[in-house]
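To keep things clear, I will list the structure first and then write my remarks on it.
If you're wondering where the values come from, they're calculated on a predicted model, not measured in any experiment.
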Amino acid sequence: TQYKFFTTTANCNNAYDLQSVVLHERGHSLGLNHVSQSANASAVMTPALSTCSAGKRSLGLGDYQGLAALYGTR
Ligand SMILES: [Zn+2]
């Protein structure tokens with residue numbers, strides 16, 4: 001009950017994008033750690049997420065590279 005979440009940006013009121021949060025937490029479950037917000041502003045694995053933003057619903061290059069380092073590429 002501490003945080004509010006949304007699934008569409010319509011009528012957002014100080015809530016967090018559920019899809020972005022789940023993607024970030026999934027990154028942790030796959031072994032990724034936080035990265036610097038200032039150096040990696042577009043990365044999903046930054047420790048902060050702005051309210052009413054759906055801008056982190058897909059991996060940034062650094063997120064992808066971190067997963068590729070752990071699991072390889074095809
Ligand atoms: Zn985190």
For [X] versus [Y], what's the shortest heavy-atom pair and its separation?
{"X": "Ser20", "Y": "Ser53", "value": "OG-O, 4.4 Å"}
{"X": "Cys52", "Y": "Asn14", "value": "SG-N, 3.6 Å"}
{"X": "Lys56", "Y": "Leu23", "value": "O-CD2, 3.8 Å"}

Go through the structure and list residues passing side-chain contact (heavy atoms from CB on, under 4.5 Å) with Val22, not counting sequence neighbours.
Leu18
Check whether any side-chain heavy atom of [X] sits under 4.5 Å from a side-chain heavy atom of [Y], and report yes or no.
{"X": "Leu59", "Y": "Leu67", "answer": "yes"}
{"X": "Leu32", "Y": "Val44", "answer": "no"}
{"X": "Tyr64", "Y": "Thr73", "answer": "yes"}
{"X": "Leu30", "Y": "Tyr71", "answer": "yes"}

Run the salt bridge (Lys or Arg N to Asp or Glu O under 4.0 Å) test against Arg57 and tell me which residues pass, sequence neighbours left out.
Asp17
Of all pairs that satisfy salt bridge (charged side-chain N to carboxylate O under 4.0 Å, His left out), the ones with a partner from residues 25-34, not counting sequence neighbours
none
Can you tell me how far apart [atom1] ([X]) and [atom2] ([Y]) are? Round to the nearest 0.5 Å.
{"X": "Tyr16", "Y": "Phe5", "atom1": "OH", "atom2": "CZ", "value": "8.5 Å"}
{"X": "Thr7", "Y": "Gln19", "atom1": "OG1", "atom2": "CD", "value": "9.0 Å"}
{"X": "Asp63", "Y": "Ser58", "atom1": "CG", "atom2": "OG", "value": "9.0 Å"}

Please determine whether residues Leu61 and Met45 belong to a single hydrophobic cluster, defined as Ile, Leu, Val, Met, Phe, Trp and Tyr linked transitively by side-chain heavy-atom distances below 4.5 Å.
no
